[in-house]
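Protein chains get the first letters and strands the later ones, always in sequence-line order, with residue 1 at the start of each.
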Amino acid sequence: MEGSNWMNRRNFLKAAGSLTAGSALAALPYAALAGSGEHLQLTILHTNDVHSRVEPFPMDGSRNQGLGGVARRAALVDSIRREQRHVLLLDAGDTVQGTPYYNLFGGKVEMELMSKMGYDASTFGNHEFDNGVDALAGMITHANFPFLSANYDFSDTALAGKTQPYTLFRKQGLRIGVFGLGIQLDGMVDPNNYRGTVYLDPIAVANDIAARLKYDYNCSLVICLSHLGYRYAGSQVSDQLLAAGTRHIDLVIGGHTHTFMPRPEHIRNLDGAITTVNQVGFAGINLGRLDYLFERRSGKKQLLTAGSYEISNDLAFRPTGALNPYS
Amino acid sequence: MKCTSANPLFLFGVALLSLLSTACSRYSLPAGSPAYTEHRIDGSIAPDTAFIAYYLPYKQQLDAEMNRVIGHSAVPLTKPGSVPETLLGNFFADALLTEGRKSDPGIDFSFGTKGGLRTELPKGGITVGHLFELMPFENELVILELSGKSVRQLAGFIAATGGQPVAGLRMVIHANTANDIRIGGTPLDDSKTYRLLTYDYLANGGDNIRGLEAPVKRVNLGQKVREALINYVQDCTREGKQLNTQLDGRIKLDE
């Protein structure tokens with residue numbers, strides 16, 4: 001595993017070297033930059049659709065045997081936090097349902113483990129509603145991080161006042177705005193389990209909130225935690241349509257479709273600017289990672305690297321190479 | 001990465017490097033500085049034992065229940081994609097039909113969705129935990145009395161979606177439509193009503209199933225689907241039988 005990554009890395013650098021012979025670009029001095037005071041490096045770690053996978057998949061010969069598990073994810077997150085000063089740990093929903101931990105303990109175990117791991121925010125997937133909206137209101141009392149939900153109106157439910165549409169993170173003067181979007185529940189969740197919840201058009205809501213985060217709060221990075229799904233054959237709203245149909249969103253961290261994206265997708269939004277979409281499979285098999293570098297004075301940013309860790313005994317990082325979509 | 005001009009990855013790389021080049025000049029980087037290093041971890045990193053210690057008491061409680069072997073399957077119960085009939089789907093629909101008939105022997109057929117079956121079952125010992133993972137949802141059994149026309153709509157949905165788990169119903173899919181629909185061995189009669197066993201998620205509109213919207217009558221049995229599956233497996237074991245689900249052509253593709 002390690003060997004093949006090194007090979008990929010070497011091949012990438014080799015390709016890079018052959019393209020830029022003499023330009024001294026094969027080694028990019030980001031580490032020096034990030035520590036320079038004029039720049040700030042932000043590491044975004046993310047999961048989606050963990051589905052109550054507390055322990056690794058059992059060693060039963062199945063495809064994912066031995067992968068995932070909170071204890072190794074926690075160790076990995078911890079070691080990255082020790083190395084990087086500015087880290088956000090985010091989740092895109094469906095934290096629960098899929099192992100008996102949820103059936104027997106109602107989500108308390110998952111919420112407490114995510115809290116202990118230091119998750120900064122999550123959003124509601126459809127499966128958060130599986131025990132009903134009242135049970136969900138109880139479940140999230142075990143979380144010390146917010147569930148961000150901008151396009152469900154919970155006013156007439158037990159969740160009224162218990163979620164927030166967005167939140168801000170401040171990193172040495174820079175602001176990062178994060179908001180959450182959920183999927184249409186009609187036809188997806190038993191009506192009894194989301195009774196009173198009003199679904200609002202995610203694109204309209206996203207445009208409104210992203211503009212506020214960018215202009216009213218002066219955020220240097222706007223992140224959407226989306227449980228809409230990566231893409232569909234039909235016209236159903238997806239992360240791809242969201243990215244193309246909005247302004248001011250820099251990064252969509254997606255979920256729902258359990259899509260493992262080997263590399264993030266960069267989509268031109270309504271302004272012709274780049275909105276990056278990423279999603280890392282399901283069950284906590286992978287931890288996604290994107291590193292941004294900000295020029296503190298201007299707030300200008302680059303995407304330094306993106307990739308994902310596979311949570312196995314090898315804990316290998318699969319880099320996709322340095323990706324900078326910004327011109 | 002092959003560096004041929006036809007390779008889009010290569011072109012992408014060129015574009016990226018030119019962008020990086022721009023970025024670097026903007027930041028006026030000194031040449032030869034240390035590279036940004038990806039965080040690299042090898043197998044020596046240990047799981048965080050504090051996390052294991054946290055969930056261990058829950059795990060012990062859970063394992064005691066979940067590891068209970070309640071039956072055996074002679075074959076792996078699988079659900080390969082793109083086939084109209086699967087062993088897992090047949091097992092599931094057979095179990096529901098059998099359990100439902102304990103409450104109402106007049107039930108004609110059962111129906112669920114393949115998307116609702118969340119894992120496959122191995123050959124050999126079947127545990128309570130397997131059935132939890134197969135059906136983690138708290139769905140409950142529902143009997144719907146449907147007009148023959150509604151059943152025909154439902155069969156149309158099943159055909160259009162390439163087959164779904166059923167028992168007591170047989171059909172042939174031709175050009176994505178349902179043909180030769182038989183209930184209990186008899187051709188579907190639009191003028192009759194039929195009793196379907198399914199579950200509340202579907203009966204309440206989940207998965208946008210056609211044909212379930214206007215039942216003549218609905219009875220909620222108040223029994224969880226998972227409990228029905230557990231009962232079915234336990235009954236087989238009590239009768240000294242292994243699960244030996246077979247494909248029997250209940251849904252066939254006519255191509």
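- With a 4.5 Å cut-off on non-hydrogen atoms, B:A203 does not touch chain A at all.
- Of all non-hydrogen atoms in A:A75 and B:A46, the two that sit nearest each other are CB-O, 3.2 Å.
- A:K116 and B:A50 make their closest contact through CE-O, 3.7 Å (heavy atoms, listed as atom of the first residue, atom of the second, distance).
- Put simply, CZ on B:F137 and OH on A:Y102 are 10.0 Å apart, with the number rounded to the nearest 0.5 Å.
- There is no contact between A:D78 and chain B, counting heavy-atom distances below 4.5 Å.
- Atom CZ of B:R218 has more than 12 neighbouring heavy atoms from other residues, nucleotides or ligands inside a 6.0 Å radius.
- Of the listed residues (A:D186, A:T99, A:L113), the greatest number of heavy-atom pairs within a distance under 4.5 Å of chain B belongs to A:L113.
- Using modelled atom types and a 3.5 Å distance limit, the side chains of A:E112 and B:Y54 yield a donor-acceptor pair.
- When each of A:D190, A:V70, A:N193 is checked for heavy-atom pairs under 4.5 Å with chain B, A:D190 comes out on top.
- For the 3.5 Å distance criterion, the side chains of A:K108 and B:Y58 qualify, holding a donor opposite an acceptor.
- Taken to the nearest 0.5 Å, the CD atom of A:E55 stands 7.0 Å off from the CG atom of B:L62.
- Interatomic distance, A:H51 NE2 to B:E133 CD, rounded to the nearest 0.5 Å: 12.5 Å.
- Annotation: side chain of A:Y101 is in contact with side chain of B:K59 (closest heavy-atom distance under 4.5 Å).
- At a threshold of 4.5 Å between non-hydrogen side-chain atoms, the residues B:Q61 and A:L104 do not count as touching.
- Using a 4.5 Å heavy-atom cutoff, the side chains of B:F51 and A:V54 are not in contact.
- Remark: side-chain polar atoms of B:Y55 are not paired, donor with acceptor, to backbone N or O of A:A71 under 3.5 angstrom.
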Test log, rule side chain to side chain contact (heavy atoms under 4.5 Å, CB included), inputs B:R226 and A:N103: CA-CA 11 Å; B:R226 187 173 51 245; A:N103 305 97; 3.5 Å; yes

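- Using a 4.5 Å cut-off between heavy atoms, A:N192 touches chain B through its side chain atoms alone.
- For the set B:N204, B:N208, B:D207, B:D200, the entry with the most heavy-atom pairs within less than 4.5 Å of chain A is B:N204.
- Using a 4.5 Å heavy-atom threshold, the side chains of A:M117 and B:D48 count as separate.
- For the atom pair CD of B:E138 and CG of A:N131, the computed distance is 5.5 Å after rounding to the nearest 0.5 Å.
- In terms of heavy atoms, B:M66 sits closest to A:P100 at CE-CB, 3.4 Å.
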